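Structure first, commentary second.
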Amino acid sequence: MIYDGTAPADSDVPRTGGVPLAPAGFTWPLCGSCCGEPLQFFAHLPVEYGVLSVFVCQNDPGACESWDATSGANRVYLFSREELQPVAVPEKGVTLLPATSAIRTHVVTLDPQANDDHDEEVAPDAYDLARSGWKWEPEERFGKQREVLGSLGGSPSYLEDDRLPTCPSCAGPTEFAAHLEAGISAQTAMNLGGQLGYVFVCRPCREGAFLTG
């Protein structure tokens, strides 16, 4: 997922920031960790089986355990694409990102030679390789990795099995849906504490889990 400029706040396109789109009657989620305030809307991610809507608490960073999938400080919803409408934004709390960033998807084909610099005993991580190789130019030391806002599908990057979340409703296993980076710039990014965000979903229950690592 690559940064693609700004987008209208209520657009039905892949984006971070803006306002959430949800079915009629949706209630903006509150933090269940410690503050009880409205969560901040993070991302609107259309996928083949619906739309993922991600919320993370930013009212008191570090106090509410937004990095923990079971803390109540984050929420993931899976909506149908039909009859979505902008949700009224609460008057209090840290609810919106400073900017709406459009996302475009780009398929990265990994070069087998890119594995040469890695320890042969440790399998290279596909997301890490794809991110580090994005728009790599000979004169650039790090490429343009800041443009990478995450990825859809695949497997969670460097996440231990004991951190894989279960569904908050049925307690069954969830499937990995997306990585989310903090953002294109420090001024417009979600505060993830310098870590990578992971989105998981339970399709039957139409909800999921978020954590960082």
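The shown structure was predicted, so the numbers you read here are calculated from the model rather than taken from an experiment.
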query = To the nearest 0.5 Å, how far apart are CG in Leu211 and OG1 in Thr70?
reply = 9.5 Å
inquiry  = Heavy-atom count check: over 12 atoms from other residues, nucleotides or ligands less than 6.0 Å from Asp162 CG?
reply    = yes
Heavy-atom check, side chain of Leu30 versus side chain of Leu39, under 4.5 Å = no
ask   = Just wondering, do Val87 and Val19 contact through their side chains at under 4.5 Å, heavy atoms?
value = no
query = Got Met190 and Leu97 here, is their nearest side-chain heavy-atom distance under 4.5 Å?
reply = yes
ask   = Residues two or more places apart in sequence or in another chain: which of them pass ring-ring contact (aromatic ring centres under 6.0 Å, His included) with Trp67?
value = none
inquiry  = When you group the ILVMFWY residues by side-chain heavy-atom contacts below 4.5 Å and let the links chain together, are Leu192 and Leu152 in the same group?
reply    = yes
key: Contact summary for Val201 and Ala177, nearest pair of heavy atoms   = CG1-CB, 4.2 Å
ask   = Taking only residues two or more places apart in sequence or in another chain, which ones pass ring-ring contact (aromatic ring centres under 6.0 Å, His included) with His179?
value = Tyr127, Phe176, Tyr198
request  = Indicate the atoms forming the closest heavy-atom contact of Pro29 with Arg75, along with that distance.
outcome  = CB-CG, 4.0 Å
ask   = Do Val76 and Leu78 belong to the same hydrophobic cluster, where Ile, Leu, Val, Met, Phe, Trp and Tyr are linked whenever their side-chain heavy atoms lie under 4.5 Å apart, directly or via other members?
value = yes
request  = Mind listing the closest non-hydrogen atom pair of Leu196 and Ser157 along with its distance?
outcome  = CD2-CB, 4.2 Å
query = Can you name the salt bridge (Lys or Arg N to Asp or Glu O under 4.0 Å) partners of Glu181, sequence neighbours left out?
reply = Arg131
Side-chain polar contacts of residues 41-58 - donor-acceptor pairs under 3.5 angstrom, sequence neighbours left out - could you list them?
from	atom 1	to	atom 2	distance (Å)
His44	NE2	Asp12	OD1	2.8
Gln58	OE1	Asn191	N	3.4
Gln58	NE2	Asn191	O	3.2

key: Ser71: partners by side chain to side chain donor-acceptor pair (under 3.5 Å), with sequence neighbours left out   = none
inquiry  = I'd like to know whether Leu180 forms a side-chain contact (heavy atoms from CB on, under 4.5 Å) with Val199, so could you lay out the CA-CA distance, the side-chain angles of the two residues, the decisive distance to 0.1 Å, and finally the verdict.
reply    = CA-CA 8 Å; Leu180 282 173; Val199 181; 3.8 Å; yes
message = Could you list the cluster mates of Val94? Members are the ILVMFWY residues connected by side-chain heavy atoms closer than 4.5 Å, either directly or through other members.
response = none
Minimum-distance pair of heavy atoms, taken over all atoms of Pro38 and Thr95 = CB-CG2, 3.8 Å
key: Nearest-0.5 Å distance that lies between atom CD1 in Ile184 and atom CD1 in Ile103   = 10.5 Å
task = Any chance you could measure Thr212, atom OG1, to Gln195, atom CD, to the nearest 0.5 Å?
result = 4.0 Å
Test item: Arg206 and Ser80 side chains (from C-beta on) under 4.5 Å apart, heavy atoms = yes
key: Of all pairs that satisfy salt bridge (charged side-chain N to carboxylate O under 4.0 Å, His left out), the ones with a partner from residues 169-180, not counting sequence neighbours   = Glu175-Arg203
request  = Using the test ring-ring contact (aromatic ring centres under 6.0 Å, His included), find all partners of Phe26 that sit at least two apart in sequence or belong to another chain.
outcome  = Tyr77, Phe79
query = Quick one: does Asp125's side chain have a donor or acceptor within less than 3.5 Å of a partner on Asp128's backbone?
reply = yes
query = What distance separates Asn74 CG from Gln40 CD, expressed to the nearest 0.5 Å?
reply = 12.5 Å
ask   = Can you name the salt bridge (Lys or Arg N to Asp or Glu O under 4.0 Å) partners of Asp68, sequence neighbours left out?
value = none
note = Sorted by chain and residue number, the ring-ring contact (aromatic ring centres under 6.0 Å, His included) partners of Phe210 (sequence neighbours excluded) come out as none
query = How about Leu96 and Val89: do any of their side-chain heavy atoms sit closer than 4.5 Å?
reply = yes
ask   = Any idea which heavy atoms bring Leu149 and Arg146 closest together, and the distance?
value = CD2-O, 4.3 Å
key: For Ser33, side chain to side chain donor-acceptor pair (under 3.5 Å) partners two or more places apart   = none
inquiry  = Measuring from atom CD of Glu147 to atom CG of Asp4, what distance do you get when rounded to the nearest 0.5 angstrom?
reply    = 10.0 Å
inquiry  = For Thr6 versus Ala102, what's the shortest heavy-atom pair and its separation?
reply    = O-CB, 4.1 Å
key: Distance (rounded to the nearest 0.5 Å) between Ile2 CD1 and Ser101 OG   = 12.5 Å
request  = Go through the structure and list residues passing side chain to side chain contact (heavy atoms under 4.5 Å, CB included) with Thr174, not counting sequence neighbours.
outcome  = Pro165, Cys167, Phe200, Cys202
